[in-house]
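Some notes on the structure that comes next.
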Amino acid sequence: MLLALMIAMMLAMLDNMIVGTAMPTIVGELGGLEHLSWVVTGYTLATAASTPIWGKLGDMFGRKGAFLSSIVIFLIGSALSGMAQDMGQLIGFRAVQGLGAGGLMVGVMAIIGDLIPPRERGKYQGLMAGVMALAMIGGPLVGGTITDNWGWRWAFYINLPLGVFALALVTAVLHLPKKRAKAGIDYLGVILLTVGITAIVLVTTWGGTEYAWTSARIMELIGIGVASLIGFVFWQTRAAEPVLPLHIFRSRNFTLMSVIGFITGFVMFGATLFLPLYQQAVQGASATNSGLLLLPMLGAMLVTSMIAGRITTGSGRYKLFPIAGGALMIVGLYLLSLMDTDTTRLTSGLYMAVLGAGMGCLMQVTMLVAQNSVQMKDMGVASSSTTLFRTLGSSFGVAIMGALFNHRVQDVMAERAGTAGQNLTAKSAQLDAESLKKLPAAAREAYQHAVSSGTHSAFVLGAAISVLVLVAALFVKEVPLKGGPQKPSTDGAEAAPAAVAEAV
């Protein structure tokens, strides 16, 4: 059963990284370069918007049925994407795929939350971190190999045999109590939340790239997003079966874990965006092996996550890890901000390992504490909310750190190479390997300094934001993990007894 869950988790994490490598080939065949970003944006929007809905559906109608449905939708989207004949079709089919992907991660986390008491759940942290590391390292390599040897359509078709295997395994061996909610689905809440999340993701995706941050379109999206989310919060206090029950935020630990998850997503996805760029542009590394460049960070994250899981399982104590994770993230990001054009790969690898150790202390502990802070009936919405906050954090991280990076690159190119240098990066501050080779030596050197300066600014911002993780961690209340010896607690939902689901 655990194998099926890990395959489903792998599908959700691996897809974007494989497809990203295949995108140049896809554009070459289908055309539509101007709509390229929507292939990723459509998938991301659908995933973010559907995540809390899948969690609630699992709570209302049963975890197994919701999880199987999300796998089926993901596979249908994958098959249709592989058969797309133009860019419009591909974008639409990727959105279908994203709808299913929104339920994969949530389903895995919520099912584990149902079957395994929090006290024992730490044992599985290393496994989940390992799947994440494997996806980040292997994604670009697998994507490149598939595209070169089988064609870009197999970047989508590869999901089918894995998904069918996971589907069959879950159907056969996963046994969970069947549920049937008396109340209906909160359709108004679903619509308001979807509109609000969509507007936020579009602001972070388009701001500073497609449209200026102060443009009318961005201001409209901000207004729509804020109004929708305010309306959503208001409605959730009145809905019979709210999509996101606001009472779960009465738990101090749950609220703190949501904040920590948001910032972890902010930092992690920003780092995975800029580190390969720095190593390719400044240190001359090959773009083909871009996933391997992150190995020090991901390896440290995996090892630390396994250690944290073992200690948590053995002792039942966990507060140390968010505190240590916040401190290590601050130190790691500060060290990465010191990198310049003379920094060696060994040095940058050591800096990345410090950051990875910090993220390893946080990645799974945030989900563990969040699930421990709610009653069993809210396990799905707790898992989906934590996943959603991390997803939104990644969107903000990529957008804000990216805007800061691009602005700094433009300034340095203007300082070092004048108007001609600034024109080189006018359309994009991220030049590929082929473009770099064609630059004159002086322009290439200017660009290396510009990228170094841009990553410095991005990582300084990340370090400053990470201070909030440390502050939040200090206020975490160490409530005994369910499944171990219990102590009286006064923290409401956090003391609710856990019911272990029937499982094979």
Contacts of S383 meeting side chain to side chain donor-acceptor pair (under 3.5 Å) (sequence neighbours excluded), chain-then-number -> Q371
Here the pair of heavy atoms bringing G189 nearest to V243 is C-CG2, 4.0 Å
Rounding to 0.5 Å, atoms CD1 (I263) and CG (L362) come to a distance of 10.0 Å
- Message: The test is side-chain contact (heavy atoms from CB on, under 4.5 Å); show your working for I222 and M219 and say whether it passes.
- Response: CA-CA 5 Å; I222 292 174; M219 292 297 107; 3.8 Å; yes
Checklist entry - Do the side chains of L193 and Q236 get nearer than 4.5 Å, heavy atoms only? => result no
Quick one: does any side-chain atom of T204 pair with a main-chain N or O of V201 as donor and acceptor, under 3.5 Å? yes
* To do: Please check if the side chain of R94 supplies one atom and the backbone of G77 the other of a donor-acceptor pair under 3.5 Å.
  => no
Review point. Can you check whether V476's main-chain N or O pairs, donor with acceptor, with K319's side chain at less than 3.5 Å?
Key: yes
Of all heavy-atom pairs linking T455 and F405, the shortest is N-CD1, 3.6 Å
### Message
So T386 and F254, do their side chains get closer than 4.5 Å, heavy atoms only?
### Response
yes
In terms of heavy-atom contacts, V233 and L246 come closest through O-CD1, 3.6 Å
request  = Step by step, work out the side-chain contact (heavy atoms from CB on, under 4.5 Å) result for I260 and L468.
outcome  = CA-CA 8 Å; I260 291 174; L468 295 176; over 6 Å; no
(message) What I'd like to find out is whether the side chain of S466 reaches to under 4.5 Å of the side chain of L333, using heavy atoms alone.
(response) yes
Taking the side chain as everything from C-beta on, heavy atoms only, tell me whether I224 gets closer than 4.5 Å to S228. yes
**Prompt:** Does any N or O in the side chain of Y318 come within less than 3.5 Å of the main-chain N or O of V479, such that one atom is a donor and the other an acceptor?
**Reply:** yes
query: Are L336 and L275 close enough, and set up right, to give a side-chain contact (heavy atoms from CB on, under 4.5 Å), and what steps lead you there?
result: CA-CA 9 Å; L336 288 170; L275 284 171; 3.9 Å; yes
- Do L162 and M10 come within less than 4.5 Å of each other through their side chains, counting heavy atoms only? no
Does a side-chain heavy-atom distance below 4.5 Å link M401 with F266? yes
### Task
Taking K477 for its side chain and N253 for its backbone only, find out whether a donor-acceptor pair lies under 3.5 Å.
no
Heavy atoms of D186 and A239 approach each other most closely as OD2-CB, 3.7 Å
Value for OG (S385) from CE (M257), rounded to nearest 0.5 Å, stands at 14.5 Å
Rounded to the nearest 0.5 Å, the CG atom of L45 sits from the CG atom of L202 at a distance of 5.0 Å
For this session: State whether the side chain of T237 and the backbone N or O of F234 hold a donor-acceptor pair below 3.5 Å, judged by distance alone.
Result: yes
Here the gap from T387 atom OG1 to L392 atom CG, rounded to the nearest 0.5 Å, amounts to 11.0 Å
Scanning both residues in full, the closest heavy-atom pair of S337 with V460 reads CB-CG2, 3.7 Å
To the nearest 0.5 Å, atom CG of L169 lies from atom CD1 of I7 at 7.0 Å
Rounded to the nearest 0.5 Å, the CD atom of E241 sits from the NZ atom of K56 at a distance of 4.0 Å
Note to self: Tell me if the centroids of the rings in F156 and F93 come within less than 6.0 Å of each other.
What the structure shows: no
| request: Report the relative orientation of the aromatic rings in W154 and Y157; use parallel for angles under 30°, tilted for 30 to 60°, perpendicular for over 60°. | output: perpendicular
Heavy atoms, side chains only, cut-off 4.5 Å: are L244 and P52 in contact?
no
Margin query: In the structure I gave you, are the side-chain heavy atoms of I112 and M109 within less than 4.5 Å of one another anywhere?
Written below: no
Quiz: residues 133-144 side-chain donor-acceptor pairs under 3.5 angstrom, not counting sequence neighbours:
none

side-chain contact (heavy atoms from CB on, under 4.5 Å) assessment of I73 paired with W54: CA-CA 12 Å; I73 292 173; W54 281 115; 3.8 Å; yes
Of V467, V267, V469, the one forming a side chain to side chain contact (heavy atoms under 4.5 Å, CB included) with I330 is V467
Residue pairs meeting side-chain hydrogen bond (donor to acceptor under 3.5 Å, both in side chains), one or both in residues 71-86, sequence neighbours left out, come to S78-Q97, S78-N159
Of all heavy-atom pairs linking M363 and T366, the shortest is O-OG1, 3.1 Å
Notebook entry, point to check: Ring centres of W235 and F232 under 6.0 Å apart?
Noted result: no
message: Could you check whether any side-chain N or O of T391 sits under 3.5 Å from a backbone N or O of A48, counting only pairs where one atom can act as donor and the other as acceptor?
response: no
_How about CZ on F249, more than 12 heavy atoms from neighbouring residues, nucleotides or ligands closer than 6.0 Å, or not?_
yes
- Message: For the backbone of I146 and the side chain of W152, can you confirm whether one donor and one acceptor N or O come within less than 3.5 Å of each other?
- Response: no
R153 side chain vs G82 backbone, donor-acceptor pair below 3.5 Å
yes
Side chain S70, main chain F67, donor-acceptor under 3.5 Å = yes
